[in-house]
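Keep in mind that this is a model prediction, so the values were computed, not measured. Counting starts at 1 for both ligands and their atoms, in listed order.
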Amino acid sequence: MEGLSLIFLGPPGSGKGTQAELFERQFGLKKISTGDLLRDAIRRGTELGKLAKEYINKGELVPDDVVVALVEEVLGKTSDGYILDGFPRTIEQAKSLDRILEKLGKKLDAAVLFAVPDDEIIRRLSARRICPKCHAVYNLVTKPPKEDEICDVCGTPLEMRDDDKPETVRRRIEVYRKDTELLVDFYRKKGLLVEVKAVGNPEEVFEFITNALKR
Ligand code: AMP
């Protein structure tokens, strides 16, 4: 698994971020999450952050050119294997990624599709909590903190992500079905699609993915 270049594709709340962290820890693949990069820009109050916030809080996608520039910058500084978590999300972004990789002389090994039913997504997102200080991610059902709604790492009260509120979640799922699902075909045609059932605890899903990638 070391040195692989992967895309994690799937609806919001399908566990892409959690698995990308496990892969980072286990195999040293660099996690490149556009959602994390944008949230970081929002926290720092940069121009990019101000722009991104407008879209994120409505559950809409941030414009392609903005996220493409962000990914191009990070990939340019990445020498080993990596996981793109939450990028690409549109065909336009996928085509830009091809151009960036060609320019950098990098390749793509697989696009892993996380398959999760809608009702499970809604259940997971309504239970997701994040630490506003150290950004650790919890789930009140599947990965609860030791003390009620308090971060295990730094003791800060946990919060819900603004875009995990029910109205925004519904819109994010719609956006996924409309834009991002088209990517499944895009990568299937390239022979890069690896579909995994992303239901179960994180360790089980980790095994499903590593087994599927070995095949
Ligand atoms: P995530 O953390 O991947 O669920 O992303 C949270 C939000 O950030 C999304 O709902 C979008 O508003 C924005 N976002 C993240 N990645 C992208 C992307 N590749 N293209 C456009 N918007 C994105």
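Across all non-hydrogen atoms, the minimal contact from E147 to D152 is N-OD1, 4.3 Å. For the residue pair K107 and S5, the shortest heavy atom distance occurs at O-CB, 3.2 Å.
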Could you walk me through whether S96 and R99 pass the side chain to side chain donor-acceptor pair (under 3.5 Å) test, one step at a time? CA-CA 5 Å; S96 299; R99 280 195 293 274; 3.2 Å; yes

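Pairs passing the ring-ring contact (aromatic ring centres under 6.0 Å, His included) check and including a residue from residues 54-101, sequence neighbours excluded, do not occur.
Sorted by chain and number, the heavy-atom contacts of ligand 1 below 4.0 Å come from T34, G35, L38, R39, I56, E60, L61, V62, V67, G86, F87, R89, Q93, R161, D163, R172.
A distance-only check finds a donor-acceptor pair linking the side chain of Q93 to the backbone of R89 [under 3.5 Å].
Among L140, V153, N139, the single residue meeting the side chain to side chain contact (heavy atoms under 4.5 Å, CB included) criterion with P145 is L140.
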